[in-house]
2 protein chains.
Amino acid sequence: MRLKKYTDYALRVLIYAGASDHKVSIKEISDTFYISAEHIRKVVHQLSVNEYIETTRGRNGGIRLARDADTINIGAVVRLMENDFYLVECFDSEHNQCVITPVCKLRTALSEAIRAFFEVLNQYTLADLIENKDELQALMGIERE
Amino acid sequence: MRLKKYTDYALRVLIYAGASDHKVSIKEISDTFYISAEHIRKVVHQLSVNEYIETTRGRNGGIRLARDADTINIGAVVRLMENDFYLVECFDSEHNQCVITPVCKLRTALSEAIRAFFEVLNQYTLADLIENKDELQALMGIERE
DNA sequence: ATTAAACATGTATAAAAAATACATGTTTAA
DNA sequence: TTAAACATGTATTTTTTATACATGTTTAAT
């Protein structure tokens, strides 16, 4: 069980943008994390469509958070980037064929488990993740203002 | 984010075997769930190697639980069947290249989340899942003793 | 002994998902 | 006008997962 790399990348982009005091470029992020700019670009686009970040085109362009870090919920970002959370067949009611579904207690257990998973993530905002801004800036090579 | 079908199948095999009063065959299970016997066979093998079920070869052979249902922990079964739970790159220390790992609070958040996930599953045993044996037997077409 | 039912096991193929790369376009400030 | 920077659609490759095939071994019934 893994999250997609794009989910990982999206969170890194938010952390980078959030920990920076000024606008940042895709290239900067891709250089920092040794990830192709192509991938970052895609992720940035999705985050921008969903109004997590604001992009500015053209020379001196770049990206910045579109909202305050403390209003960006980490559980929500994970839900946005992943396709689904169909742990087992019966979670996908459209394709489910499992005969015991109506009385299955496994289904209940797994639902509870995934709920607990998000209950934790929902308690975090981006602000919590960049609380140690200075340390992050140092490791990401971001210049202080 | 999904579990593998084999994880799903493994749990169904345990539920089927646990809810049955006698030995059951792979064919029975595969017919009940409309899953190819090949897949069930693989899953059965893995469960048998890990001493969750006992197999008997030959005519009149079949499978049964190797232990009492209340000693089979659901979290443990899920951990057994999945390859890993590397939600993001840094969970796989061998291949991790993310520069902020040492100070990353996302890492902490995701660890907590996956821990919460298993905390729920660890509370369940197979006995809990087959508590409603009669209903299960009816839906799975298992004959009462 | 023979046979048929049942599990064992290794390998190969196919399908799906994810990751990655390519190409071209648009915007904007210098 | 140009170069930096984001936009966007498409194509390819890789990885993972799912599925299928082939053959072997065991065992009880006949």
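For clarity, every value in this text was computed on a predicted model and none was experimentally measured. Chain letters run A, B, ... following the sequence lines, proteins first and then strands; every chain starts at 1.
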Could you tell me how far apart A:K4 (NZ) and D:dT17 (P) are, to the nearest whole angstrom? 14 Å

So the ring-ring contact (aromatic ring centres under 6.0 Å, His included) pairs with at least one residue in residues 117-142 of chain B (sequence neighbours excluded) are B:F85-B:F118

Atom CD1 of A:I40 and atom C1' of D:dT8: how far apart are they, to the nearest Å? 17 Å

For A:E54, check side chain to side chain donor-acceptor pair (under 3.5 Å) against everything at least two apart and list the hits. none

Nucleotide nearest B:K5 (side chain, heavy atoms from C-beta), chosen from D:dT19, C:dC7, C:dA21: D:dT19

Which pairs, with at least one residue in residues 40-52 of chain A and sequence neighbours excluded, count as a side-chain hydrogen bond (donor to acceptor under 3.5 Å, both in side chains)? none

Sugar-phosphate means primed atoms, P, OP1 and OP2; the rest is base. With that split, encode nucleotides 23-30 of chain D 5' to 3' as B, S or - using protein heavy atoms under 4.0 Å. -BBBBBS-

Under 3.5 Å donor-acceptor, A:E82 side chain and A:L3 backbone: no

Sorted by chain and residue number, the side chain to side chain donor-acceptor pair (under 3.5 Å) partners of A:K27 (sequence neighbours excluded) come out as A:D31

So what's the dot-bracket for DNA chain C: Watson-Crick or G-U pairs under 3.5 Å, [ ] if a pair crosses, | if it pairs off-strand? ||||||||||||||||||||||||||||||

5'-most contact on DNA chain D: A:R2 or A:G62, nearest heavy atom basis? A:G62

B:Q46 CD - D:dT17 C1' separation (whole Å): 14 Å

Pairs where residues 55-74 of chain B contributes a residue and the test side-chain hydrogen bond (donor to acceptor under 3.5 Å, both in side chains) is met, not counting sequence neighbours: none

For nucleotides 10-15 of chain D, give me every protein contact, N/O to N/O, under 3.5 Å, one pair per line with atom names.
unit_1 : atom_1 : unit_2 : atom_2 : d
D:dT10 : O4     : A:K42  : NZ     : 2.9

Quick one: do B:V44 and B:V49 end up in the same hydrophobic cluster if we chain Ile, Leu, Val, Met, Phe, Trp and Tyr together by side-chain heavy atoms under 4.5 Å apart? no

OP1 or OP2 of D:dT8 sitting under 4.0 Å from any side-chain N/O of A:H45? yes

Expressed in angstrom and rounded to an integer, what is the separation of A:E54 atom CD from D:dA5 atom P? 18 Å

Apply side chain to side chain contact (heavy atoms under 4.5 Å, CB included) to the pair B:Y34 and A:V99, showing each step before the final yes or no. CA-CA 9 Å; B:Y34 306 104; A:V99 292; 4.3 Å; yes

By side chain to side chain donor-acceptor pair (under 3.5 Å), B:Y6 pairs with (sequence neighbours left out) none

Can you check side chain to side chain contact (heavy atoms under 4.5 Å, CB included) on A:L47 and A:I63, steps first, answer last? CA-CA 10 Å; A:L47 288 173; A:I63 71 173; over 6 Å; no

From NE2 of B:H39 over to C1' of C:dT11, roughly how many Å is that when rounded to an integer? 15 Å

On DNA chain C, nearest-nucleotide positions of A:R41 versus A:L3: which is more 5'? A:L3

Can you check the B:Y6 OH to D:dT16 P distance for me, whole Å? 17 Å

Tell me whether the OP1 or OP2 atom of D:dT16 has a side-chain N or O from B:Y86 closer than 4.0 Å. no

Not counting sequence neighbours, which residues clear side chain to side chain donor-acceptor pair (under 3.5 Å) with B:Q123? List them please. none

Mind calculating the distance between CE (B:M1) and C1' (D:dT16) to the nearest angstrom? 17 Å

Listed in order of residue number, which residues of residues 23-38 of chain A have a non-hydrogen atom at under 4.0 Å from DNA chain D? A:V24, A:S25, A:I26

Interatomic distance, B:H22 NE2 vs C:dA6 P [rounded to whole Å]: 14 Å

Within-4.5 Å side-chain heavy-atom neighbours: B:V77 and B:L126: no

Between D:dA20, D:dA7, C:dA17, which nucleotide gets closest to the side-chain atoms of A:T55? D:dA7

Short question: side chain of A:T32, backbone of A:E28 - any donor-acceptor pair under 3.5 Å? yes

According to the side-chain hydrogen bond (donor to acceptor under 3.5 Å, both in side chains) rule, which pairs have a member within residues 89-109 of chain A, sequence neighbours left out? A:E89-B:R12, A:D92-A:H95, A:N96-A:T101

